[in-house]
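Only one structure is covered here, and it is reproduced in the block below.
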There are 2 protein chains.
Amino acid sequence: MKLNQETQQQKSSRKKTADERRQDILEAAINIFTKKGYNGSTTAEIARAAGVAEGTIFRHFATKKELLIAVLTPKILNGIISLDKEHKDPVEFFRCFLRDRLELIKENEGLVRFMFAEAQYHNEVREALFNGILGQGISIVKPWFDKGVKEGVFKPVPFPSMMRSFMGTVLFYGIFNHVFPGFSPEKTIEEAADQILDLFLHGLLVE
Amino acid sequence: MKLNQETQQQKSSRKKTADERRQDILEAAINIFTKKGYNGSTTAEIARAAGVAEGTIFRHFATKKELLIAVLTPKILNGIISLDKEHKDPVEFFRCFLRDRLELIKENEGLVRFMFAEAQYHNEVREALFNGILGQGISIVKPWFDKGVKEGVFKPVPFPSMMRSFMGTVLFYGIFNHVFPGFSPEKTIEEAADQILDLFLHGLLVE
DNA sequence: TTTGTAAGTGAGTAATCACTCATAAAGAGT
DNA sequence: ACTCTTTATGAGTGATTACTCACTTACAAA
């Protein structure tokens with residue numbers, strides 16, 4: 001039936017389903033939020049960008065804050081998918097993991113910056129970050145880190161300190177290019193990933 | 001004459017000078033801004049916190065944005081002071097520099113977080129960060145890094161990549177504790193500085 | 001004392017905000 | 001055709017915003 005309807009009408013003028021409208025609003029919200037920040041964005045502007053009336057937003061999301069949370073939640077969760085690969089050793093895992101995260105950050109650069117900016121002010125965003133990024137990051141990295149330590153490949157540094165340094169360098173890669181444009185010398189993500197990983201694994205000192 | 005006036009009146013009820021009022025407003029603005037963000041703060045609230053009328057703010061600062069810039073500028077510039085010490089070798093410099101910056105960040109934790117958050121949205125803040133933190137950081141660190149490379153102590157990695165990783169770990173130390181409270185294991189700044197520096201200099205790998 | 005000037009004040013203002021609601025439109029079921 | 005339900009709409013609303021301005025206050029110079 002539904003397929004029949006779609007073929008009866010031109011695709012461009014086809015009436016959109018409720019879910020499609022919801023998606024339009026979410027995408028518009030991401031665009032506006034990441035450009036102007038949560039408090040700097042207005043529901044009127046988001047509605048205009050989504051091509052809907054302002055009232056439509058509040059039919060899908062009770063409040064502006066609920067829209068914020070809806071913007072963050074799914075994007076955080078889809079970061080976990082790529083851990084299904086089998087890695088040979090801890091170093092190899094770190095290399096793959098780093099590249100994977102760097103690509104994810106590059107793809108969602110605006111959203112990452114937005115999340116960390118708004119985390120300063122909204123408890124909800126902090127919780128989303130904690131439950132999403134940090135929690136999942138730990139559950140993925142920790143076993144490989146422990147394995148590396150047990151095998152004598154990694155130094156037995158405190159895991160939180162290691163994780164903090166690692167996440168700091170990785171996340172700042174995305175932020176740097178926006179705050180200090182043109183500063184990073186690497187042309188490709190692979191190049192940047194290699195540079196970051198090399199420094200992280202071997203350190204700055206010779207020997 | 002002025003001294004005479006001050007002694008004639010109780011210090012607590014003494015009429016404040018224009019500069020003192022300006023300082024009151026700036027301090028109040030820092031407090032409110034760092035808690036609620038630029039767009040989340042109102043001039044009315046800042047005025048209340050500063051103990052002045054709302055109109056007084058606009059006698060000292062033409063617009064709210066001018067107040068924002070005034071809040072950022074002096075704080076950025078006072079970070080440069082401590083480079084007057086003589087350091088023996090590049091490694092020793094990095095140790096001192098890291099501790100110094102970590103303490104500076106800890107003291108102005110809210111402001112640092114605020115600056116990086118608002119840098120996502122305001123060009124003025126980005127420029128202030130670039131001219132202040134990054135520019136000065138480079139001018140201080142680069143000579144020592146070059147020296148270390150020339151002496152064969154440091155690896156000849158690209159300076160911007162090194163700087164980005166270094167700043168990432170250092171700056172994220174302050175942000176982490178706020179976004180992920182209770183995550184960092186170190187009790188003191190010295191401990192954290194040692195941990196960060198060790199990982200940064202020697203890397204995670206054994207050997 | 002008088003006067004001139006710089007600084008402080010807070011009610012007022014136009015604009016803007018998130019959110020509401022009466023109304024309309026469009027299927028789906030009968 | 002008729003009704004029921006779901007969804008979209010945008011003018012309207014009260015609250016809030018950054019900023020103004022007519023007025024006051026305090027003090028220094030004359």
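Remember, it's a predicted structure, so these values are computed and weren't measured experimentally. Side chains are part of it too, since the values below use all heavy atoms of this structure and drop only hydrogens, waters and symmetry mates. Each chain gets a letter, A, B and so on, in the order the sequences are listed, and its residues count up from 1.
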Rounded to whole Å, the CG-P distance (B/D19 to C/dA6) equals 15 Å
Tell me: CG of B/D24 to P of C/dT9, nearest whole Å?
11 Å
side-chain N/O B/R21 vs C/dG8 OP1/OP2, d < 4.0 Å:
yes
Please confirm whether A/F93 and A/F145 have ring centers closer than 6.0 angstrom.
no
Find the distance A/Y38:OH to C/dC17:P and express it as a whole number of Å.
13 Å
With a 4.0 Å cutoff (strictly under), does any side-chain N or O of B/R59 reach OP1 or OP2 of C/dT9?
no
Separation of B/I57 atom CD1 from C/dA7 atom C1', in whole Å?
15 Å
Is the ring centre of A/Y38 less than 6.0 Å from the ring centre of B/Y121?
no
Over all strands shown, is B/T42 touching base, sugar-phosphate only, or nothing at heavy-atom distances under 4.0 angstrom?
sugar-phosphate
Atom CZ of A/R22 and atom C1' of D/dT6: how far apart are they, to the nearest Å?
16 Å
Out of C/dT9, D/dT17, D/dG10, which has the shortest distance to the side chain of B/V52?
C/dT9
Below the 4.0 Å mark, does D/dA8 have OP1 or OP2 next to a side-chain nitrogen or oxygen of A/H60?
yes
In whole angstrom, give the distance that lies between atom CZ of A/F58 and atom P of D/dT6.
22 Å
Distance, rounded to the nearest Å, where B/N39 contributes CG and C/dA18 contributes C1':
15 Å
Using whole Å, report how far CZ of A/R48 lies from P of C/dA18.
12 Å
Side-chain donor or acceptor of A/R113 paired with backbone N/O of A/I175 under 3.5 Å:
no
Verdict with reasoning, A/S184 to B/R164, per side chain to side chain donor-acceptor pair (under 3.5 Å):
CA-CA 8 Å; A/S184 294; B/R164 189 186 57 209; 2.8 Å; yes
